[in-house]
Amino acid sequence: RVEGSEKLIKLQVSLGEEKRQIIAGIGKAYNPEDLTGKEIIIVANLEPRILMGLESQGMVLAANDPNGPVLIIPEKEVNPGVELR
């Protein structure tokens with residue numbers, strides 16, 4: 001979790017040969033320990049942004065459900081860094 005925020009979680013994600021830090025506003029719906037090893041879909045072609053003093057190098061894709069964000073995940077295992085089509 002990002003100190004001082006109820007919503008922000010700091011994620012370290014692998015894009016295959018590259019690792020990135022992503023700050024995501026999913027902390028009310030997800031516990032950080034439940035995300036370890038999970039495959040998620042991210043947007044990686046964004047300019048880095050600073051959130052609460054931390055650099056975010058992408059964005060997670062999540063549905064905007066009335067009960068909170070729902071991560072979009074692949075239906076079967078894929079290699080890290082695979083591009084969306």
Side-chain angles (χ1 to χ4, degrees):
R1 296 198 177 274
V2 172
E3 190 175 327
S5 174
E6 292 181 9
K7 289 178 22 177
L8 296 179
I9 294 178
K10 179 172 67 170
L11 304 168
Q12 300 295 328
V13 299
S14 172
L15 303 177
E17 298 178 10
E18 179 185 358
K19 295 197 184 308
R20 291 202 183 187
Q21 174 174 281
I22 296 179
I23 310 302
I26 59 173
K28 288 191 173 184
Y30 293 92
N31 291 313
E33 53 274 2
D34 295 336
L35 299 172
T36 301
K38 196 178 261 291
E39 289 186 341
I40 60 172
I41 298 174
I42 68 161
V43 179
N45 63 345
L46 302 172
E47 290 293 321
R49 292 190 53 187
I50 303 297
L51 301 169
M52 302 268 314
L54 299 169
E55 184 177 61
S56 183
Q57 301 164 325
M59 179 175 64
V60 299
L61 284 184
N64 189 19
D65 187 75
N67 296 319
V70 177
L71 289 174
I72 307 301
I73 60 173
E75 71 173 21
K76 58 184 175 179
E77 191 171 324
V78 296
N79 291 327
V82 152
E83 292 184 15
L84 295 176
R85 292 182 182 218

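- Panel note: side chain Q21, backbone E55; a donor-acceptor pair is recorded below 3.5 Å.
- Heavy atoms of other residues, nucleotides or ligands lying less than 6.0 angstrom from CG of D65 number more than 12.
- The list of salt bridge (charged side-chain N to carboxylate O under 4.0 Å, His left out) pairs with a residue in residues 26-54, not counting sequence neighbours, reads E6-K28.
- Listed by first then second residue, pairs satisfying salt bridge (charged side-chain N to carboxylate O under 4.0 Å, His left out) with a partner in residues 7-20 read E18-R20, not counting sequence neighbours.
- Although no hydrogens or angles enter the test, the distance criterion places no donor-acceptor pair under 3.5 Å between the side chain of Q57 and the main chain of P48.
- L54 shares a hydrophobic cluster with V2, L8, I23, L51, M52; the chain of contacts runs through ILVMFWY side chains whose heavy atoms sit under 4.5 Å apart.
- Think of I22 as one node in a network of Ile, Leu, Val, Met, Phe, Trp and Tyr side chains linked at under 4.5 Å; its network also takes in I9, L11, V13, L15, I26, Y30, L35, I40, I42, V60, V70, L71, I73.
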Please list, one pair per line, the donor and acceptor atoms closer than 3.5 Å that link side chains of residues 75-85 to other protein atoms, with sequence neighbours excluded.
none

